[in-house]
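None of these values were measured; they are calculated from a predicted model. Lettering of chains follows the sequences in order, A, B, ..., and the numbering in each one begins at 1. Worth knowing before you read on, the calculation uses all heavy atoms, side chains too, and leaves out hydrogens, waters and symmetry mates.
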Amino acid sequence: LNSRSESLPGLANPTLATMFDGYQPLNGIFDEMKAADGQLRPHWQKLVGALRALSPEEMEGRWKRVERILYENGLTHDIFADGDATERPWRLDALPLLISAADWRWLEAGLVQRARLLDAVLADCYGEQRLILDGALPPPLVLGNPQFLRPCHGVPVSRGRRLHYYAADVGRASDGSWWVLKDRCESPVGGGYALENRIALRNCMPDEFIGNHVQQLAGFFQAVHEGHCALAGKPDPRVIVLSSGPTAPGYFAHSYLARYQGYVLAEGPDLTVRDNRVYLKTLEGLRPVDVIIRRVEAASCDPLELRSDSPHGVPGLVEAVRAGTVSVVNALGSGLADTESLMPFLPGLCERLLNEQLQLPSLATWWCGHEEARSYVLGNLDFLETRDVFSRGASEPGTQNPDGPEAWQVGGPRGLIERRGFAYLARESMTLSTVPVLDAHGLRPVPFALRVFVAAGSDGYVVMPGGLARLCPPRTGQAFDFGRFGDGKDTWVLHDQRAGSAAVRRTRTGAVELSRTNRELPSRTADNLFWLGSYAERAEGIMRQVRSSILRLVDDERPTEDLLAIERVLRPILAKAAVEPADDDELAGDMRIQLERRLGDLVFDGDRAYGLRLTLQELGRTASLTRDRLSADSWRILRGLRPEDFARRPSLVAPPRRAGIGGILGQLDLGIQRLAAFSGMGIENMTRSFGWHFLDMGRRIERSVQTSALLGSLLDSGDPEDDGSLILVLEIADSFMTYRSRYLLTPQLAPVLDLLLLDETNPRSVAFQLTALAEHIGQLPRDPTDTGFSNHQLIVADMLAELHQADIASLCRRGRLGDRPGLKALIARIASDLPALTTSITRTYFSHADAVLSVIAAGSAPS
Amino acid sequence: MRYDVSHRTTYRYSQPVSISHHVLHLAPRACDRQVAEWATISTKPQPAVRSDTVDYFGNPVTFVTIQEQHEELIIEALSRVDVSPPTNWAPSRTMAWDRIFHHLEQDTSAANLAILQFAFNSPYTRASADLVAYARESFPSGRPVMEAALEMTRRIHADFRYQSGTTSVSTPVEDVFRSRRGVCQDFAHLELSCLRALALPARYVSGYLLTRPPPGKDKLVGSDASHAWVSVWCQEAGWVDLDPTNDTIVGDEHITLAWGRDYGDISPVNGVIFGGGEHIVDVEVDVSPAASTAIKGPRGA
C-alpha cells in the first residue's frame with residue numbers, strides 16, 4: 001500500500017518493554033522521557049506502562065493503520081520543506097511527545113504573552129510608529145522590511161487586533177528551559193496537520209490513556225470559531241478560508257481545516273469586491289463575506305494595491321478592509337512581526353508595551369545594525385549563522401530568490417555586514433532536547449523542536465494544547481530551521497493531575513438554529529464537482545470497455561466474431577483518445593496483436609485525453625479541488641484510484657506474443673469496484689444539496705455520451721447481429737443480466753436498443769439519464785426575474801420528447817443504402833445536444849467564476 | 001512657471017469588462033517647489049465607488065470601482081500647478097556620501113524617518129554585485145554626495161540607450177543593466193538601485209515634462225507621456241531631483257505628480273479588470289504654460 005512505510009522493529013526485539021528499559025538519554029542533553037539518572041519522568045509513566053504490554057507485532061499493526069489513514073487523508077507531503085527540490089513525504093512518528101501540565105502552563109503563559117506583545121508591536125508599526133520614533137526599535141527593521149506593507153498602514157482592524165493566528169517554534173535547552181526559535185505571524189501553517197496527526201495517532205495508542213489524560217484539541221478550534229464571531233460582531237458570520245489552490249503546499253491542510261470548521265474554502269477568483277465589500281460568488285449569487293482566514297501571503301492578497309503579479313489575490317481587498325466591511329486574519333502586513341530581527345529587542349519592547357517582563361527567551365540573535373552587536377558578530381563569524389534580514393519577501397518582479405526564503409548560512413559576507421550591517425542578522429545555534437523515537441533502529445533519542453499554535457478567541461489568546469513536534473536529526477550542524485528537518489511527532493499535553501481529569505474544556509454554544517441547507521457552494525466548486533462526476537463516469541466507462549475486450553482477447557477459444565465486435569464497439573472511444581488505427585503490417589498480422597496494442601495505448605499512455613491515465617489524473621485533480629465537499633470515505637475511495645497503477649505497459653512477449661495486457665484485469669476489477677463504491681457513496685450518503693446535483697449531472701451527461709456512442713457503433717458497416725457486438729455492448733453497459741432475464745434469445749438489435757436507449761427503468765439507458773437530468777435542472781437556483789424555461793431545460797426536454805416519440809421498429813428499419821437512417825439521425829441528435837447542454841450549464845452556473853483578470857498598469861507605463 | 005496639465009487615458013477592450021478597480025496617482029502633489037492649484041479626475045463610465053485620499057507617502061490618490069459593464073474606459077485628469085526652479089547649491093558643498101546613512105540613523109524624528117525610509121530596497125530595485133561595482137565608480141570614499149550623484153546620472157545617460165518597446169514595467173533592473181537600454185522608469189529604477197546599494201536615500205518621482213519646449217530649446221525625451229526620474233537626498237542641499245533620461249538637474253519644466261520607493265508605489269494609472277480580452281490603450285498628455293493657453297474644459301466627459 002505504502003512504499004515509504006518502514007517496518008517497526010520486529011521479532012528481534014521481544015518486547016517493547018526491553019526497548020523502553022534500554023533507552024539511554026544522550027550525555028549532557030535534556031531528554032523528555034528520562035532524567036539524567038535513567039529514571040522515567042513521572043508524566044511518561046502511564047503511557048510507557050501501557051505500551052510495555054504490547055507486542056511489537058501489535059504495535060506494528062496499529063502503526064500501519066496510522067500510516068494508511070495519513071496517506072488516505074492526503075497528508076502525503078511535507079508542507080514545511082522549502083521549494084520543490086526538497087519535497088519529501090510527511091512522516092509521523094509512532095510515539096507522541098508528552099508534555100507535563102506544569103511545563104505546559106509555563107509555555108502557554110509565555111506564548112500568550114508573546115502573542116500580545118507581537119500584536120502590540122504590529123499595532124504600533126501600522127499606526128503611530130512610536131517605537132521607531134522613540135528609538136525603541138531601530139527604524140530600518142520596519143522601514144526597510146519587505147514585509148512592512150505601506151498600503152496597510154493606518155488601516156483599521158476589528159477589535160484592534162492584527163495577530164489572530166500565531167505560531168512559535170520552541171525548543172528546550174539543556175537545563176530544561178524553553179526558548180523561542182522563531183515567531184510566525186504571517187500565516188502560520190500546521191494547525192490542520194496537528195489535528196490530523198492527532199486523529200490518526202489515536203488509532204494506535206491506548207484509548208483509555210488518550211481519553212483520560214490528554215488534553216483534547218476540539219476546544220481550541222471552538223474558541224477559534226468564537227473569535228471569528230466576535231471579530232464579525234455576529235453569531236453566524238460567513239467565514240472564508242482563502243487559499244491559493246491545490247498547488248499551494250498547505251492546500252490539504254487548508255481544505256481539512258475548512259471542512260472541520262465548516263467554512264468555505266475559496267480562492268481569489270471566487271471572491272469579488274463590489275461597493276467596497278467582499279462577496280463570495282455562489283451558485284445563488286453574491287454573498288457578503290465577514291471574515292477571511294488568509295492562507296495566502298499578504299503581499300499576494302490584492303493585485304491592485306499590493307503585488308500586482310499575483311493571480312491569487314482579491315482586487316480591491318485592501319480598500320474593503322479600509323472601509324471596515326471585512327476582517328482579514330491575520331491582518332494584511334502581520335508578517336512584519338515574523339522577522340527574527342525583532343528578537344533582540346523583545347525584552348525591552350515587552351516592558352515598554354505591556355509593562356511586563358518577557359517570559360520566554362528567544363534564541364540568541366544579533367542585529368548587525370548596532371555597532372556593538374556588529375563587532376561581536378564579526379569577531380565570532382565562525383560560530384554564528386547570518387542572513388540578510390530583508391531577503392524574505394524579496395520578490396521583485398521577474399526574479400527568484402535562489403536561496404529560499406529563510407536561508408541562514410554559517411559565517412557570512414563579512415564585507416557586506418561591515419558596510420550594510422542594518423541588513424544582517426546573526427544567531428547562535430542551540431542544543432535541543434531529545435525525545436524517544438521508535439523506528440527500525442529501535443528506540444533512540446533524537447533532538448526536536450515544537451511548533452505551538454496560538455489563536456485569538458472571543459476573549460484573549462488561547463493556545464492549542466498540543467502541537468507539531470519536528471525531529472531535528474543531529475547530523476545537521478546548523479541551528480534550527482523547521483523546514484529542513486525530519487519526521488513529525490504528535491504532541492500530547494497532559495492534564496493537570498491535581499485538577500483531576502475534569503479539565504476538559506466543555507464549551508456551551510448558544511442554541512443552534514436548525515438549518516437544512518449546507519454551506520454555500522462557490523461556483524467554481526460546483527464546476528469542479530460537475531467534472532468530478534463526469535471523470536468518474538468516464539473512468540468507469542473506459543475500464544468497462546477495456547475489461548470486456550481483454551476478457552475476449554485472452555481467451556483463445558473465443559470466435560473471431562468477438563474480435564470483430566471489439567473492433568466495432570470500441571471504435572468511438574479509441575477514436576476519441578486518438579489511438580492510432582492499425583497500420584498495414586498490423587492488419588496483415590494477427591488481429592489480437594493489433595487490438596492489444598491499441599487497448600494498451602488507451603490504458604497506458606499518460607498524455608491521451610480520454611485515455612485511462614489522464615482521466616484518472618483529472619479525477620484525482622477534481623477530487624482534490626472539491627475535497628472539502630467530499631466525505632472522508634469518498635475521498636479515501638478516490639485516493640485509491642491511482643493513475644500510477646496503469647503506468648507500466650506490460651511488454652509484449654513474442655511469440656506467443658499476447659503476454660501482458662491480461663495482467664491488468666485485476667486492477668480493472670478493483671478500479672470498477674472503487675468507482676461503484678464512490679457512486680454508491682454519492683447516492684446513499686450525500687445530502688441532495690446543489691453540490692450533489694452538479695456531481696450527478698456530470699455523471700449523467702457523461703454516461704449518456706458513452707452509451708449513445710456505444711449504440712452509434714452498431715451502425716457501422718456489417719450487421720451487429722452477426723458478430724458479438726450486441727453482447728459486448730450489453731456487457732459494457734452492465735445490462736446483460738437484465739437482457740437475459742427478459743429475452744431468452746441471442747441478442748437482437750431492437751430489444752437492445754429498447755433497453756439501452758428508451759427504457760426509463762434501466763439506470764444505464766439514455767432515457768434514464770435524461771430524466772434524471774431534467775429533475776436535477778429543475779432543482780437548480782434560478783434568477784427569480786427569469787420566469788421562462790432555461791436553455792438547458794429546453795435542451796433536455798427536447799431530447800426526452802424525441803426519445804418518447806421514437807419507435808423501435810422504425811429506428812431499426814433499413815434504408816435504401818442498407819443503413820438505418822432513423823437511428824442514425826437520433827444518435828446524431830443526441831451527440832450534438834449533449835455538448836450543448838454542458839455548455840449551457842457552464843455558461844449559466846460556472847462562467848462568472850473564471851472571469852479573466854488582468855492588471856492593466858502596464859498600459860500606462862511612463863516613458 | 002504655471003502649467004495646465006491634461007492627461008487622458010483611453011482603454012478600449014475587445015470584450016466587455018464587467019467590473020474594474022483602479023488606483024490613480026494623477027493629481028499633482030504639493031511640495032516645496034510646487035503649488036498644486038487645482039486638479040480634477042473623472043472617468044467615463046462613472047465609478048460606483050470613489051474615494052480621494054492621501055497615500056503613505058503623502059501623495060493624493062484616487063480609488064475608483066466601475067461596476068457597470070463597459071468596453072471603453074476614459075480616465076481624464078486636469079490640473080494647474082505652479083513650479084519654481086530649485087535653488088542652486090554647489091555640489092561640492094554636500095556631505096560625503098558614505099557618512100549620510102549613519103548621520104540619518106542618529107535622528108529618529110518623523111521628518112528624518114521620512115527620508116531614511118528611501119534608503120532601502122523596494123520591489124523594483126535590487127543591485128547585483130556588478131551593478132554595485134558600476135555605481136562605486138562614481139562614489140569613491142569621501143566624495144560629496146551631490147557631485148557623485150550628478151556623475152552617476154550623467155554616466156547612465158551616456159551608457160544606456162533610450163529605446164521604447166524593449167522593456168516593460170516588470171523588466172528587472174538586472175536585465176536593463178545587461179541590455180543597456182530602456183525607458184525613463186528603467187533608468188530611474190537603475191539609478192535608485194545604485195544609490196540604495198550604497199545606503200543612500202533616493203526616491204522615484206512620477207510626473208510630466210513641458211510638452212512644447214520654449215523657443216530655441218530642444219524638446220525633452222518623454223514629453224508626450226508621463227515621465228519618471230529620481231530624487232536623491234543630498235543632506236545640505238535637501239532632495240535634489242535628477243533626470244537620468246535627459247541628464248539634467250530637474251528645473252521648472254518637470255511637473256511632479258507623486259513620489260514613492262519605485263514605480264509600484266505610485267504608477268499614475270493602475271487597475272485590475274475582469275473580462276476585457278485584449279485591450280488597446282491610448283495616452284494623451286499635454287502640458288502647456290498656463291499663461292499662453294486657455295484652460296481646457298473636460299473633453300468628451
Side-chain angles (χ1 to χ4, degrees), chain A residues 129 132-136 138-140 142-146 148-154 269 272-276 299 302-309 313 315-316 318-319 322-323 369 390 393-399 419-420 422-423 848 851-863, chain B residues 9 11 18-19 21-23 48-49 51 55-57 63 65 67 101 105 108-110 113 116-117 119-126 164 168-175 183-185 199 206 221-222 224-228 263-265 267-277 279 281 283:
Chain A
Q129 303 190 334
I132 55 174
L133 287 167
D134 295 350
V142 178
L143 301 178
N145 192 321
F148 177 52
L149 303 181
R150 285 165 172 78
C152 303
H153 181 264
T272 180
V273 175
R274 273 155 218 249
D275 303 314
N276 278 345
D302 181 354
L304 188 66
E305 287 194 67
L306 303 169
R307 263 179 61 179
S308 60
D309 57 349
V318 177
E319 264 289 274
R322 235 176 244 137
F390 303 140
S395 37
E396 57 270 48
T399 62
R419 283 206 312 281
R420 295 170 58 82
F422 63 83
H848 55 290
V852 188
L853 172 150
S854 50
V855 177
I856 56 169
S860 61
S863 48
Chain B
T9 310
Y11 290 99
S18 56
I19 183 167
H21 304 270
H22 301 271
V23 181
V49 183
S51 87
D55 72 9
Y56 185 83
F57 303 98
F63 294 92
T65 306
Q67 296 179 182
F101 186 83
E105 246 188 334
T108 58
S109 66
L113 293 184
L116 187 69
Q117 67 164 330
F120 308 108
N121 272 324
S122 59
Y124 285 89
T125 65
R126 181 128 315 221
S164 53
S168 76
V169 286
S170 58
T171 305
V173 163
E174 289 306 324
D175 292 2
V183 294
C184 64
Q185 99 260 2
S206 138
V221 175
D224 39 11
S226 47
H227 189 52
Y263 173 81
D265 284 335
S267 72
V269 180
N270 186 11
V272 178
I273 60 174
F274 288 93
H279 71 263
V281 63
V283 179

Measure [X] against the heavy atoms of chain B and call it side chain, backbone, both or neither at under 4.5 Å.
| X | value |
| --- | --- |
| A:R420 | side chain |
| A:P140 | both |
| A:V273 | both |

Return the NE2 to CG distance between B:H21 and A:N276, rounded to the nearest 0.5 Å.
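One gets 9.0 Å once the value is rounded to the nearest 0.5 Å.
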In Å, rounded to the nearest 0.5 Å, how long is the span from CG of B:L116 to CD1 of A:I132?
9.0 Å
Shortest non-hydrogen contact from A:S308 to B:Y124?
OG-OH, 4.4 Å
So, for A:L304 and B:G271, which heavy atoms are closest and what is the spacing to 0.1 Å?
CD1-CA, 3.9 Å
Let's go through A:F148 and B:Y56 carefully: what are the C-alpha distance in whole Å and the side-chain angles of both, what is the deciding distance for ring-ring contact (aromatic ring centres under 6.0 Å, His included) to 0.1 Å, and is it a yes or a no?
CA-CA 12 Å; A:F148 177 52; B:Y56 185 83; 5.8 Å; yes
Evaluate the side-chain proximity of A:R150 to B:F57: yes if any heavy-atom separation is below 4.5 Å, no if none is.
yes
Side-chain contact test, heavy atoms from C-beta onward, threshold under 4.5 Å: evaluate it for B:L113 versus A:L143 and give yes or no.
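Yes, side chains in contact.
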Identified side-chain contact (heavy atoms from CB on, under 4.5 Å) counterpart of A:E305 within the set B:N270, B:V23, B:V272, B:D265:
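Exactly one pass, corresponding to B:V23.
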Contact class of [X] relative to chain A, heavy atoms under 4.5 angstrom:
| X | answer |
| --- | --- |
| B:S109 | backbone |
| B:S206 | neither |
| B:Q117 | both |

Residues forming a salt bridge (charged side-chain N to carboxylate O under 4.0 Å, His left out) with A:D275, sequence neighbours excluded:
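Per chain and number, A:D275 pairs via salt bridge (charged side-chain N to carboxylate O under 4.0 Å, His left out) with no residue.
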Heavy-atom pairs under 4.5 Å with chain B: which of A:H153, A:Q129, A:E319 has the most?
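Among A:H153, A:Q129, A:E319, the one with the most close pairs to chain B is A:E319.
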Partners of B:D55 by side chain to side chain donor-acceptor pair (under 3.5 Å), sequence neighbours excluded?
B:H25, B:N59
